[in-house]
Colleague: 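Below you'll find the structure I mean.
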Amino acid sequence: MAGYAVQTKAYLSEASNAMVLELSTDSGKEVPLQATLSVIGNEYVALGAGAEGSVAWVTKEPNTEGAPFYVKGAVAAKVLGTESVLTSDSHTYSKLSFALPANGEVVKIFLQAEHSKNAPSPLPSVRDTAQEATLTETHDIYVQHQAWWKQFWLHAYIELGDDIQKYWYNHLHLMGSAARSGSDNAPGKAPGHWGPWNRGDDMMWFSNVSVNYNGQNPYYGTSSSNHVDLVDPYIETIRYYSENTGRKRVANRWVSPEIEARMPADCRGVAFELSFTSHGTSCGGGSWLHEDGCMPTNAIFGILPLVWKWKYGQDAEYLNDTCYPLMREVADFYDDYIGEPVDGRYDVYGSVHEGANWFSANDMFSLGAVQFLYREIIAASIKLGRDADRRTHWQDILAHMSGYQLQAWGNTVTFRPDGVHDVMAVRAGYRPDRVIDAIKGWKPEMNGIVSQKNGGGIETAGIIEAINNMLLQSHDGVIRIFPNWDRTIDAKFTRLRAVGAFLVTASYSASEQAIDSVRIFSETGNTCVVQSPFGPVGDSCIQVIRTDTQQVVATVRNEEEFTFATTAGVTYEITRADCAPPPAGTPVIVTQPVDTTITLPAAATFTISASGDGLIYQWQKNRIDIPGATSPSYTTPATTLRDIGSAYRCVVSNLFGIARSRPGKMNPDRSVLTPTVSEHPILGVWSYQHAGRNYTREFTSQRRYSS
């Protein structure tokens, strides 16, 4: 500063809204400094500033009527460790002038901030707190700060032989800083798009929570990183909004015309706006009450993190008192909104993106969201023993939802373009080296946090889940260890959390090309299902040992998956074991099914031969039994796009055992596939640049694309 070397350190209190800034110089000369407290605002707020004794302050209060709530804020500051001179313009700023001692002694600036909601100004409180602050108190704040973060990082940590781990630590630090449980004088305290770091009154999207996906992204990786409590402030916001606004939106039909046209007159449940405040209140009145983006799925996406907290944490009281009631209100709406099946299939209408121009039947977002809702509420209903009379209908919707819409595009079968939005590449098995390169290509800010610049903010913390999923997956109840990790890079993780309240520790050696250590801690004593991490099916059995008693635990094998009972509070070590040979007389597959290439809608035929006595055949499509397919040969019905890429295998059994064939895949004759692009009037053209080239993409009323 001004040619002098100045050392700085800043930290926050873990118990109050206090911050300490430490300053010192090793230049050997006294360094004069001036600290300015300032506040900015627009015509809707009144600003204030002042100084008295050793304390300076600024305030900000609303000056107009009509807001849903009134927040008054104040910040006070005091210099500790040296004399200071205070000045103020009584309106927008207060200044503290002081000098850093030449002998290197540390000077501290103590700041206290508070806000009140529909209550008197917090200025007297923050001013008194700052006045009473001492050097001893600031030291205690630092000790508490260090202790809090030490415990935070001991929850779970990773050690990767690649810089990709910086993204994991930076973004988990971001969430640890932004989302804290604790008391507040407001019903909700979720971090909005920019976390708690709003620097002005006119930032894009303000501090709102957008629940069509943005508001959930920051929590994608918090549960799997063993920080299930970080979602608690978000839950409070969602619960308050649902109870105070979500119900009214359905009862008063405060929804977009497209959604209202499909709602029955007596529709139940809740509907969510696209975006609402961090306090859980509506963004305003009038037309804002209809601002749902034509996305009825907002409410489903809104409860996603609530369900994750249950699935990863297994807190039955939370499920019963908080999570399930909200799930049921969303299901109430969809039970009525979806209505009766058409030709045996349930259709769901919504938008894959904001706006009526996207509204259609069975878009990818809506289908995925509805399947999530009914799958999870059925499981929760069984767990709690509630609403047994509704499960049959819920299961019927789940079993007979319309399928994802596909098309032939450029000799490839793809999802229909208006059905596609963001895709989780890691779970789909996409090359991990390319995923890592893509994450690094986001080019983080100077502080290491990935940012979408004009959009997103803290939602980019969802990167945590992408990295976690390369190391550990449990999204369908089966624990998979290093399922999609780059095998050229060493990796180790400690206490990542899996669905079912399991904490998993494992390491992988790139030089040995092997997973050499796996431990699973059972938090609540649930049954554990783990996929063998040690090799291919048939050559990768496991042994499970209790670490407290060194006893071997019995497992039940289903191909590559092993199930075993656990006891709460016990750690289990997973090691490689030789697979037992099949019993004598077990069938032997002699001829395996082969891949077949067909021209739609021709049928495909798969054949095997096997040896053994009393053979029973059962063909499966994608590991699901095909009714009536019980011969050595199986011919499919007329094929559609949905059959392309499917795997067909035969399970052969007798009194002695079971043998499973290798799968044969159905491939399309690519020479005759043609894109199913319809001609429609062009609505707009999107222009963009990539790798130094200019591109345009036209989009039409049917959301078909050409480039």
Colleague: Going by atom types alone, do Gln216 and Tyr234 pair a side-chain donor with an acceptor below 3.5 Å?
Modeller: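 Short answer, yes.
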Colleague: What residues, two or more places apart in sequence or in another chain, satisfy side chain to side chain contact (heavy atoms under 4.5 Å, CB included) together with Ser225?
Modeller: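 Applying side chain to side chain contact (heavy atoms under 4.5 Å, CB included) to Ser225 gives Trp168, Leu172, His227, Ile464, Asn468.
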Colleague: List the residues meeting salt bridge (charged side-chain N to carboxylate O under 4.0 Å, His left out) with Lys311, not counting sequence neighbours, and say none if there are none.
Modeller: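 Salt bridge (charged side-chain N to carboxylate O under 4.0 Å, His left out) list for Lys311, sorted by chain: Glu376.
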Colleague: So, Gln144 versus Gln146: side-chain donor-acceptor pair below 3.5 Å or not?
Modeller: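 No donor-acceptor contact under 3.5 Å links the two side chains.
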Colleague: Would the number of heavy atoms belonging to other residues, nucleotides or ligands and lying under 6.0 Å from CD of Glu52 be above 12?
Modeller: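 Atom CD in Glu52 is not crowded, with 12 or fewer foreign heavy atoms closer than 6.0 Å.
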Colleague: List the residues meeting side chain to side chain contact (heavy atoms under 4.5 Å, CB included) with Ala510, not counting sequence neighbours, and say none if there are none.
Modeller: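 Result, side chain to side chain contact (heavy atoms under 4.5 Å, CB included) vs Ala510: Asp490, Tyr508.
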Colleague: Looking only at the side chains, is there a donor atom on one of Arg495 and Asn226 sitting less than 3.5 Å from an acceptor on the other?
Modeller: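 No, no side-chain donor-acceptor pair sits under 3.5 Å.
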Colleague: If we ignore angles and hydrogens, is there a donor and acceptor under 3.5 Å between the side chains of Tyr241 and Glu273?
Modeller: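 A pair is found: one side chain offers a donor N or O, the other an acceptor, under 3.5 Å apart.
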Colleague: Are any non-hydrogen side-chain atoms of Tyr142 and Ser13 less than 4.5 angstrom apart?
Modeller: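 No. Closest side-chain heavy atoms not under 4.5 Å.
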Colleague: Which residues pass the side chain to side chain contact (heavy atoms under 4.5 Å, CB included) test with Val106, sequence neighbours left out?
Modeller: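 Side chain to side chain contact (heavy atoms under 4.5 Å, CB included) list for Val106, sorted by chain: Glu22, Ser24, Lys108.
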Colleague: Could you name each residue pair satisfying ring-ring contact (aromatic ring centres under 6.0 Å, His included) that touches residues 13-32, not counting sequence neighbours?
Modeller: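 Found none.
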Colleague: Please list all pairs passing the salt bridge (Lys or Arg N to Asp or Glu O under 4.0 Å) test where one or both residues lie in residues 121-139, with sequence neighbours left out.
Modeller: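 Not a single pair qualifies under salt bridge (Lys or Arg N to Asp or Glu O under 4.0 Å).
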Colleague: Does CD belonging to Gln34 count more than 12 external heavy atoms closer than 6.0 Å?
Modeller: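 Above 12, so yes.
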